[in-house]
**Student:** 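First the structure, which I've put down as structure tokens, then a few questions once you've had a look.
Positions are given from 1, in the same order as the sequence printed here. In what follows, every heavy atom counts, from backbone to side chain, and hydrogens, waters and symmetry copies are set aside.
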Amino acid sequence: MDQSDDLTPLDPAYKSLLRVQLAIAALVLLVAATIAEFAIPGWTGAVWIPALAVVAYALIRVPLRRYNARGYSLAGERLRVVRGVFFRADTVVPFGRVQHIDVGQGPLERAFGLATLTVHTAGTHNASVSLPGLKHADATAMREDIRAAIRRDTR
């Protein structure tokens, strides 16, 4: 298999998107820590300070690690997607197995101009592969490239 050196990185705005998603989850943690602070009299900062430290570390480090752990390659009639921080997954989708292709955007992705390319394949095990963190224009261009390759193969 190819080395990960030839992988295309995701759009850098994906790191910011991950930070915003994490900040929303962190807000819930900080609200719970604040409630715990008021519920435990005399222990000022015993819950809030560690929670704040965890949130700060997560907001700085986790998006960078997740961003650096992802990449893709679109070459040779196949899409290769590599992902995972602790458990690495290297998925190769031959275009001959592709059933249909989706380009999706959630509200946060739309705000950052990003999209997720989802390739659905024949079969039941791992029947779809998602590639988040692409510029919307890149995702639609990739979809069209895959469609063109499929059309060439079926003629």
Side-chain angles (χ1 to χ4, degrees), residues 1-75 78-93 97-121 123-146:
M1 191 56 62
D2 300 337
Q3 296 298 320
S4 55
D5 298 338
D6 64 345
L7 294 176
T8 304
L10 302 177
D11 191 90
Y14 186 58
K15 289 183 278 191
S16 299
L17 173 69
L18 290 173
R19 280 199 178 95
V20 170
Q21 289 174 337
L22 210 79
I24 292 168
L27 188 62
V28 173
L29 175 68
L30 291 178
V31 166
T34 303
I35 291 170
E37 279 292 321
F38 287 113
I40 305 172
W43 288 76
T44 305
V47 177
W48 218 81
I49 291 174
L52 191 60
V54 166
V55 165
Y57 176 80
L59 284 174
I60 293 168
R61 190 74 180 128
V62 171
L64 290 175
R65 291 197 62 189
R66 287 188 64 194
Y67 174 80
N68 290 328
R70 284 189 169 268
Y72 69 94
S73 171
L74 184 67
R78 67 187 178 93
L79 171 66
R80 178 178 176 219
V81 178
V82 178
R83 64 193 173 284
V85 175
F86 295 115
F87 300 98
R88 300 283 293 168
D90 190 340
T91 307
V92 177
V93 180
R97 307 256 318 149
V98 174
Q99 296 291 312
H100 64 279
I101 309 156
D102 297 326
V103 174
Q105 283 184 304
L108 288 176
E109 285 177 313
R110 205 170 314 126
F112 285 95
L114 299 175
T116 298
L117 177 76
T118 305
V119 178
H120 300 275
T121 61
T124 56
H125 181 67
N126 293 330
S128 65
V129 176
S130 293
L131 181 59
L134 299 171
K135 279 284 186 202
H136 186 264
D138 294 342
T140 54
M142 286 174 67
R143 178 182 62 193
E144 295 309 314
D145 289 346
I146 294 170

**Student:** Would you say that V93 contacts V98 through its side chain, given a criterion of any heavy-atom pair below 4.5 Å between the two side chains?
**Tutor:** yes
**Student:** Which class fits the ring pair Y67 and Y14: parallel under 30°, tilted 30 to 60°, perpendicular over 60°?
**Tutor:** tilted
**Student:** Taking all atoms of both residues into account, what is the closest heavy-atom pair of A58 and P63, and its distance?
**Tutor:** O-CD, 3.1 Å
**Student:** Compare every heavy atom of A115 with every heavy atom of V103, then report the nearest pair and how far apart it is.
**Tutor:** CG1-CB, 3.9 Å
**Student:** Apply the salt bridge (charged side-chain N to carboxylate O under 4.0 Å, His left out) test between D90 and each candidate in R80, R78, R70; give the one that qualifies.
**Tutor:** R80
**Student:** Mind listing the closest non-hydrogen atom pair of G104 and E109 along with its distance?
**Tutor:** O-OE1, 3.7 Å
**Student:** For L131 and T116, run side chain to side chain contact (heavy atoms under 4.5 Å, CB included): C-alpha distance rounded to whole Å, both residues' side-chain angles, the deciding distance at 0.1 Å, then the answer.
**Tutor:** CA-CA 5 Å; L131 181 59; T116 298; 5.8 Å; no
**Student:** Could you give the distance from CZ (R66) to CG (L17), rounded to the nearest 0.5 Å?
**Tutor:** 9.0 Å
**Student:** In Å, rounded to the nearest 0.5 Å, how long is the span from CG of L29 to CH2 of W48?
**Tutor:** 10.0 Å
**Student:** Could you measure the distance from the CZ atom of R143 to the CD1 atom of I101? Nearest 0.5 Å is fine.
**Tutor:** 8.0 Å
**Student:** Treating R88 as the side-chain partner and G84 as the backbone partner, does any N or O pair qualify as donor plus acceptor under 3.5 Å?
**Tutor:** yes
**Student:** So how far is it from I40 CD1 to E37 CD, rounded to the nearest 0.5 Å?
**Tutor:** 7.0 Å
**Student:** Does any part of the side chain of L10, heavy atoms only, come nearer than 4.5 Å to the side chain of L134, both counted from C-beta?
**Tutor:** yes
**Student:** For H136, is there any backbone N or O sitting under 3.5 Å from a side-chain donor or acceptor partner on T140?
**Tutor:** yes
**Student:** Who are the side-chain contact (heavy atoms from CB on, under 4.5 Å) partners of V20, not counting sequence neighbours?
**Tutor:** I24, L108, F112
**Student:** Where is the tightest heavy-atom contact between R19 and I60, given as atom of each residue plus distance?
**Tutor:** NH2-O, 3.4 Å
**Student:** Please test L74 against I146 for side chain to side chain contact (heavy atoms under 4.5 Å, CB included), starting from the C-alpha separation and ending with a verdict.
**Tutor:** CA-CA 9 Å; L74 184 67; I146 294 170; 4.0 Å; yes
**Student:** Write down the atom of A36, the atom of V47, and the distance for their closest heavy-atom approach.
**Tutor:** CB-CG1, 3.9 Å
**Student:** Heavy-atom distance under 4.5 Å between the side chains of R83 and T91, does that happen here?
**Tutor:** yes
**Student:** Between T121 and A127 (side chain of the first, backbone of the second, donor and acceptor by atom type, cut-off under 3.5 Å), is there such a pair?
**Tutor:** yes
**Student:** Hey, could you give me the CD1/CG distance between I35 and L30, rounded to the nearest 0.5 Å?
**Tutor:** 11.5 Å
**Student:** Kindly give the heavy-atom pair with the smallest separation between S130 and V81, and that separation in Å.
**Tutor:** O-CG1, 4.2 Å
**Student:** Would you compute the distance between atom CD of Q99 and atom OG of S128 and round it to the nearest 0.5 angstrom?
**Tutor:** 12.0 Å
